[in-house]
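Inspection log for the structure reproduced underneath, given as structure tokens.
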Amino acid sequence: MISTNLHAAFNRQINAELWSAYLYLSMSMDAQDKGYPGIAQWFFIQWKEEQQHAEKFARHLTDRMSKVYLEELDGVKQEWSSPMEMFQDASAHERKVTKLIYQLMDLAISDKDYASVSFLQWFVDEQVEEEKSVDDIITILEQIDDNPDAMLSIDHELGKREL
Ligand code: FEO
């Protein structure tokens with residue numbers, strides 16, 4: 001059985017993952033609105049990935065006979081001044097999520113809940129990937145320095161992302 005503390009923390013993480021999904025859907029819609037269909041597609045896939053993360057946490061709780069309690073979602077930002085600002089926000093957000101995952105891992109270890117430790121390891125590895133994919137795009141955006149043709153080409157490349 002999952003401890004009361006860890007149970008509450010897992011529930012909060014479901015909310016955090018769903019909020020991440022909501023944030024990335026907002027980025028996708030803003031990118032679409034501003035004429036970046038490829039970036040919109042990239043964040044649309046990210047929206048779906050975050051929903052899968054929330055589902056994984058929910059499944060872990062139900063597999064351990066612990067009820068999922070869904071909390072209210074806070075609102076998200078709706079407008080970004082540029083693709084760079086969008087990806088910088090995504091990078092900062094993923095770093096916060098990594099800290100949340102590490103806190104969950106600390107709690108699972110202190111509870112000697114090795115099933116949760118094993119479950120959380122996937123998220124520890126996933127966060128390395130999550131941070132890297134966003135940071136790689138920021139590096140590319142820094143290199144093109146707002147060149148419109150290069151931006152078009154990057155938008156096209158990012159639009160190839162699939163789930
Ligand atoms: Fe669910 Fe982007 O971390």
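Order of appearance sets the numbers: ligands from 1, and atoms from 1 within every ligand. FYI, side chains are in, hydrogens and waters are out, and symmetry mates aren't considered; it's all heavy atoms of this structure. Small disclaimer: the values here were computed from a predicted structure and weren't measured.
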#### Entry: E55-Q51 side chain donor-acceptor pair, cut-off 3.5 Å
no
Distance-only check: which donor-acceptor pairs under 3.5 Å involve side-chain atoms of residues 100-109, not counting sequence neighbours?
none

### Query
Which heavy-atom pair separates I138 from F87 by the least distance, and what is that distance?
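Looking at all heavy atoms of both residues, the shortest contact is CD1-O, 3.5 Å.
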### Task
Provide the tally of protein N/O/S atoms nearer than 2.8 Å to atom 1 (Fe) of ligand 1.
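My tally for this metal is 3.
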### Task
Keeping the roles fixed (side chain from D30, backbone from W80), state whether a donor-acceptor pair exists under 3.5 Å.
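Yes, the answer is positive, given that a donor and an acceptor are paired below the 3.5 Å cut-off.
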### Task
May I ask you to decide if D149's main-chain N or O and S153's side chain share a donor-acceptor pair within less than 3.5 Å?
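Looks like no, no N/O pair under 3.5 Å.
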### Residue from W47, W122, W19, Y24 passing ring pair (Phe, Tyr, Trp, His ring centres under 6.0 Å) with H53
W122
